[in-house]
Structures are given as structure tokens and as C-alpha cells.
Amino acid sequence: MADRPVILQIKQVVKSFGNVHAVNGVNLNIYEGEFFALLGPSGCGKTTLLRMLAGFEFPSEGSIKIDGKETRDIPPNQRPVNMVFQSYAVFPHMNVFDNVAYGLKVAKTPREEVKERVQDALALVKLDGYELRKPDQLSGGQRQRVALARALVKRPRVLLLDEPLSALDAKLREAMQLELVKLQKAVGITFLIVTHDQEEALSMADRIAVMENGVVRQVAPPGELYESPNCRFVADFIGRMNLFAGIVEGHEDWGGLNVKTELLGKLTIPHSERVSSKLHLAVRPEKLRISSEILPSSYFSFPGEVDAVVYHGSESHVYLKTDAGPFLCATLTNLSRISVRPKKGDRLWIGWAPEDTLVLSE
Amino acid sequence: MSVRSKNLIGPLDYTRRTWMRLVLLGTFVFLYAPIVTLVAFSFNDSRRNIVWRGFTFKYYEKAWNNSSLVEAFTNSLTIAFLSTLISVVLGTMTAILLWRFRFPGKAGYEGAMSLPIVIPEICMGVAMLAFFSRIGWPSGLPWPLNLGAITISHISFSFPFVTVVVRARLASFNRELEEAAKDLGAGEWQAFKDILIPHMRPGLIAGTLLAFTLSLDDFVITFFTSGPDTITFPIKIYSMIRFSVTPEVNAASAVLIAITLVMTTFALWFQSRSGDHGGVAHG
Ligand SMILES: Nc1ncnc2c1ncn2[C@@H]1O[C@H](COP(=O)(O)OP(=O)(O)OP(=O)(O)O)[C@@H](O)[C@H]1O
Ligand SMILES: [Mg+2]
């Protein structure tokens with residue numbers, strides 16, 4: 001990505017409402033043609049950041065550059081970005097055609113061209129044939145596609161999407177995720193999508209910025225974000241995680257780290273970077289191995305018993321209680337219809353490979 | 001079961017209860033009998049309004065040839081037209097101001113603005129009389145200008161109604177619609193024209209009807225602000241019936257009713273045609 005030109009440069013941006021810092025010093029570079037996701041829990045400032053990009057809010061501090069141009073004095077109607085609103089904001093008194101054509105008509109595009117471009121945009125979102133429908137005759141998913149076509153028809157430099165799929169049911173949402181990715185690759189426009197759904201971000205985006213309380217905690221591609229989170233918040237927010245607090249006791253010459261954890265005893269973890277003395281260890285549930293036989297000696301392993309099994313269809317979550325005390329969660333893929341799953345009360349060995357251990361600063 | 005249930009009266013089947021039908025009938029009679037009688041007797045071929053003597057258009061002709069009646073009628077329509085136009089613009093602007101902005105003294109402003117709605121009409125009339133004589137409002141101006149005082153007082157009691165109606169409508173507006181328009185390239189004015197006005201339309205229509213009828217049939221306030229050369233229709237009727245209720249008065253009133261009906265029908269048609277169902281009460 002870094003070889004492409006930067007299209008959106010967000011520098012030290014702060015937005016305060018009274019004494020609430022909705023956005024508190026965000027730095028981001030977004031590259032041309034990228035599918036970028038802003039991910040974070042409710043109220044962390046995602047919408048506020050997006051609205052500043054669209055021009056509906058002004059940064060209290062910092063600068064936002066689109067295509068290298070400072071945007072401070074550019075009103076929303078002159079920015080080369082378009083937005084798909086969370087409520088879709090499809091104009092209720094206009095039919096589908098007029099909705100999509102609105103931005104072109106405002107720009108005084110010749111009639112013939114308007115017609116052509118609207119038809120193309122509607123075909124792109126698979127709404128051809130719906131031109132004369134009014135918004136109240138459309139389903140939620142169709143309205144969402146009208147909003148999408150309406151923004152795309154303007155050929156923006158960056159398309160901003162605020163939780164575009166949150167109002168759709170699970171099946172439709174998944175289908176739309178795929179379609180959005182295909183669409184983005186087809187039109188080549190930079191997409192910046194806001195979401196609080198980590199699965200959505202992981203499955204769609206080229207890169208993801210995880211936000212917490214107005215601050216960006218990590219920016220990385222999905223795989224890296226999942227396998228190498230850089231802090232406890234990100235590790236916990238993305239996917240499921242087993243976390244334990246620990247204290248560093250020393251370093252091995254070969255790059256190992258001696259960590260004492262209250263509940264799992266002393267562990268030596270392959271980790272060569274310098275860390276603070278207090279840290280968190282983490283391991284993903286799917287990386288845990290559980291077995292009635294003793295695990296290979298290279299594994300960290302602990303005896304324990306099954307506390308609960310929760311069935312989720314394709315996989316089951318097994319909650320385990322180690323004899324030393326802490327609870328762990330392991331996920332098992334249900335590979336066959338009649339696979340034997342552990343039952344509550346079963347005694348087991350629980351363990352994982354040392355290289356699957358994540359070392360996280362506070 | 002299914003056979004019997006046909007004859008049972010459901011809890012909300014009000015119209016199938018005999019006493020309810022009687023109440024309904026009574027209501028309609030009290031509501032419409034006077035109006036129907038009024039219109040019917042405007043065609044009565046008799047000088048007095050008591051016994052039916054046969055059908056005639058005579059009194060319509062007579063009313064049409066009564067120049068002072070026609071003048072009063074013209075005055076009323078002129079005043080109603082001007083007052084409605086200005087009330088709707090002013091009332092809508094006030095509604096938008098109160099809806100969109102926060103400013104010091106807003107609550108006080110809002111209260112003061114709705115005063116004309118709650119204040120007794122007679123007080124308002126006296127106040128208007130005192131006001132216009134205090135500032136020395138000129139009398140004896142040429143035709144449309146001499147209606148100025150009445151028009152101004154009509155505006156001052158009509159526009160708060162428009163504000164209330166339009167503001168109620170604005171409460172249901174999704175601000176993202178306006179932002180979406182701007183996002184797509186519309187300027188402030190264009191977004192207002194293309195998005196906000198269509199949303200307000202049911203409120204605007206209701207407000208227009210309200211302002212028009214308020215002005216057209218106002219008697220009390222007009223009485224205090226009109227002079228000998230600025231007689232309005234209600235005041236003219238009043239002065240006519242002080243002598244006797246002739247079918248001529250009926251004829252003139254029937255015409256007024258017809259105008260109101262046509263206007264209401266047109267407004268309702270316009271409202272339903274705009275395809276927006278979420279409107280507030282029709283005026
Ligand atoms: N106009 C405003 N006035 C005051 N505070 C605001 C305003 N807009 C947002 N905030 C505050 O700023 C913070 C961030 O809000 P924002 O809408 O950006 O959150 P979000 O990340 O989009 O959340 P969600 O996922 O729920 O949409 C919140 O604490 C919110 O209360
Ligand atoms: Mg939001």
C-alpha cells in the first residue's frame with residue numbers, strides 16, 4: 001500500500017465538544033485505492049472523525065488533507081468525497097432515479113450524461129429496473145444500495161461509509177460485505193468504512209485502524225491485527241482472547257523472556273523485543289489444544305477440567321478451569337456431525353505452543 | 001361460533017351500536033343542518049327566510065349587484081390573500097429559526113410569539129386599535145393601501161399558527177437528509193429548496209389553509225381596525241343582518257362556503273399528490 005500516493009492525510013486531529021474529546025489526536029494516512037476500516041466500540045469517535053472528513057464538523061485542532069489539499073476552508077459541497085449515511089438519508093420525496101441523479105443535477109451535468117451515469121450506477125448496485133420506485137417501496141437493503149449508487153455516481157476520490165450494513169440482517173449483511181469489496185475493486189475508489197463490527201472490518205478491509213476513546217490504537221492489515229495486536233485493548237477487542245497478567249523476571253540469552261504469572265506459574269516465552277516489567281500474556285482460543293493425553297513437551301500445558309461447553313454450530317467454545325485457578329476458553333471446530341465433544345467435568349490437559357503466546361504491554 | 005360471531009358486536013364496532021348511531025346522527029345534524037339550511041334558503045324565492053316559496057337565483061344576482069357587498073367581499077379576499085402570503089413566509093421562517101438555532105432568550109421569544117394564539121381576541125382587537133391610533137396610522141389612503149392596518153393585525157395573529165404547524169412538521173425531519181444533499185454538492189439554499197421545503201410541504205399547506213380561513217372570517221379584531229371605507233365581508237354581513245336576514249346574505253355566505261370548500265379540496269389533493277403521508281393535522 002505504501003507505494004501508492006496518500007489520498008487522505010489526517011494529522012494530529014482533535015475534536016472537542018465542550019470538555020468531551022470525541023477525537024483526541026488522530027494521525028492516519030490512507031492510500032489511494034485502499035479499502036480502509038475504522039473500527040472501535042460505540043462512542044469512540046468514529047462518526048465524528050468521518051464527519052470531519054466530509055466537512056460537517058470542524059477539527060478543533062490538527063489538519064486534514066485530501067489529495068494534498070488542506071480542507072479547513074472547503075465546505076462539504078465542494079469536497080471530493082461523498083458519504084453513505086448511517087440512516088442512508090435517501091430523499092423520501094424523490095424516486096430512485098432522482099435520488100441517484102441529484103448530485104449530478106446539482107452539478108449541472110448535461111441531461112444525457114446524467115441519464116447514462118445514473119443507469120450505470122444503478123446497474124453497478126444491481127438496482128436497474130427500480131428507477132421509478134419511491135424509497136418507501138424499497139427494502140432496507142435496496143435503500144442502502146440507492147445511497148451507495150447516489151454517492152458513487154459522483155465519482156468521489158474517497159467514499160465514506162458510516163456503518164452502512166448495521167441495519168441489515170445477518171445474511172444480507174454478509175452478502176453485502178462481499179458485494180462492497182467487489183464493487184470497490186471494480187470502481188477503484190478509496191473506501192473508508194466505519195464499523196463497530198470486527199468481523200465486518202476483518203473480512204472487508206485492506207487495513208484497519210482500531211480506535212478507543214478518540215485515539216487510534218493500532219493500524220494494520222486484518223491478519224496482523226488479529227495475530228499480532230500491539231496492546232491489550234486491541235487483543236481483547238478483536239476476536240476472543242485468553243489474557244493473563246504477568247511480571248517479567250528476566251531475559252534469556254537466546255531471546256526468551258521469563259515471565260511469572262500469578263496463576264500459571266513461570267513461563268519462558270520466545271520474545272526478543274524489550275518490554276516493560278508488567279505485561280499481559282495472551283493466547284487465542286483456537287490455538288489452545290485440549291487432550292485427554294499429555295501434550296508434547298514443547299507445549300505449555302496445565303491440567304484442568306471442562307467447566308462448560310457452548311455449541312455454536314460450526315464450532316464449540318469449551319470453557320476450562322485449570323487446576324491452578326484461571327479460566328480459559330478453547331474453540332473446537334466441529335469437523336464431523338458425530339464428533340465426540342468434551343463434556344462438563346471431563347479431566348483434560350490444556351496447552352499451547354509457546355510461539356502462540358502474545359506479549360502485550362498494558 | 002362463526003355464524004354467531006357475525007351478529008356479535010366487537011369492542012371497536014362502534015358504528016353498529018344503535019345509541020352510537022343516534023349520537024352520530026345528532027352530531028351531524030347539529031354540525032351541518034345550519035349550513036345546509038343557509039345554502040338551501042339562498043335559493044328561496046321569498047323576501048323572508050322562513051317559508052320555502054320556490055327556487056330562484058335571484059338573490060345571487062342581487063348580491064352580485066350589491067356593490068358595497070362585492071366591495072367588502074373583495075376587501076376580505078385581498079386581505080386574506082396578503083395576510084396568508086406574509087404569515088406563511090414569516091411563520092415558516094420563525095419555525096425554522098426556533099427549530100434550528102439555539103440563542104439566548106429563546107424560551108422567552110417562543111412564549112411571546114405564541115401570545116396571539118392564547119390571548120382573547122377582544123383584547124387583541126382593543127390593543128390593535130390603541131396601537132394604530134397611537135402611532136397615527138394614516139386613514140383615507142387609496143384602495144389596497146387602506147387595508148394595511150387590517151392586514152397587519154391579521155398577520156400578527158395568523159403567523160404564530162403557521163409557526164406551530166410547521167414546527168411540528170420539522171420535528172420529524174432527519175438532519176442527515178440535508179447533510180446528504182450538501183454532501184452531493186448542493187449549497188445551503190439549494191438544500192433548503194430541494195430537501196427541507198418538500199418535507200415541510202404538508203405543514204405549509206395546513207398553515208396556509210389555517211391562515212387563510214382565520215383571516216377570511218375574522219370579525220372581532222377586524223371590527224376594531226376597520227374604518228368606514230374598509231369594510232370586510234364578515235362586518236358587512238353583520239351590518240346587513242342588523243336590519244333583516246335576507247336571502248341575499250345567505251347567497252353571499254354560500255359563495256364564501258363554496259370558496260372555502262374548493263380551497264380545502266385543492267389543498268388536500270395537493271397534499272396527497274406530494275406523496276408524503278406523514279403530515280400533521282390538516283388545517
Ligand atoms: N454534537 C455533539 N455534541 C456533544 N458530544 C458529541 C457530539 N457528537 C458526538 N459527541 C460525543 O462524542 C463521542 C464520540 O461520538 P461518535 O458519534 O463519534 O461515536 P461513534 O464512534 O460513531 O459511536 P457509534 O458506534 O455508537 O456510532 C461520544 O461520546 C459522543 O457523545
Ligand atoms: Mg457512529
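Because the structure is a prediction, the values reported are computed rather than measured. Below, chain A is the first sequence line, B the second, and so on; all start at residue 1.
- Counted by atom type alone, B:Glu176 and A:Ser87 present one or more donor-acceptor pairs between their side chains at under 3.5 Å.
- The aromatic rings of B:Phe28 and B:Tyr32 lie parallel to each other, their planes meeting at an angle below 30°, with 60° marking the opposite boundary.
- With respect to the salt-bridge test (charged N to carboxylate O, under 4.0 angstrom), the residues B:Glu110 and B:Arg167 qualify.
- Of the candidates A:Arg157, A:Lys185, A:Arg207, A:Glu34 forms a salt bridge (charged side-chain N to carboxylate O under 4.0 Å, His left out) with just one, namely A:Arg207.
- Heavy-atom minimum distance, A:Cys44 versus A:Asn213: CB-N, 3.8 Å.
- The contact list for residues 63-84 of chain A toward chain B, using heavy atoms and a distance under 4.5 Å, reads A:Pro76, A:Asn77, A:Val81, A:Asn82, A:Met83 by residue number.
- Note: B:Glu179 leads B:Lys182, B:Arg175, B:Glu178, B:Glu179 in heavy-atom pairs under 4.5 Å with chain A.
- Note on ring orientation: taking the six-membered ring where Trp is involved, the planes of B:Phe270 and B:Phe266 are parallel (angle under 30°, cut-offs 30° and 60°).
- Between B:His154 and B:Ser83, the side chains place no donor N or O within less than 3.5 Å of an acceptor N or O (distance only, hydrogens not considered).
- Taking 4.5 Å as the heavy-atom cut-off, the residues of residues 97-110 of chain A that approach chain B are A:Tyr102, A:Gly103, A:Val106, ordered by number.
- Between A:Asp197 and A:Arg173, at least one side-chain N (NZ, or NE/NH1/NH2) sits under 4.0 Å from a carboxylate O, which counts as a salt bridge.
- Comment: A:Lys15 does not engage A:Glu61 in a salt bridge, judged by the lack of any side-chain N to carboxylate O separation of less than 4.0 angstrom.
- Note: A:Phe56 and A:Phe85 have tilted aromatic rings, judged against thresholds of 30 and 60 degrees for the angle between ring planes.
- Only the side chain of B:Asn174 comes within contact range of chain A, judged by heavy atoms closer than 4.5 Å.
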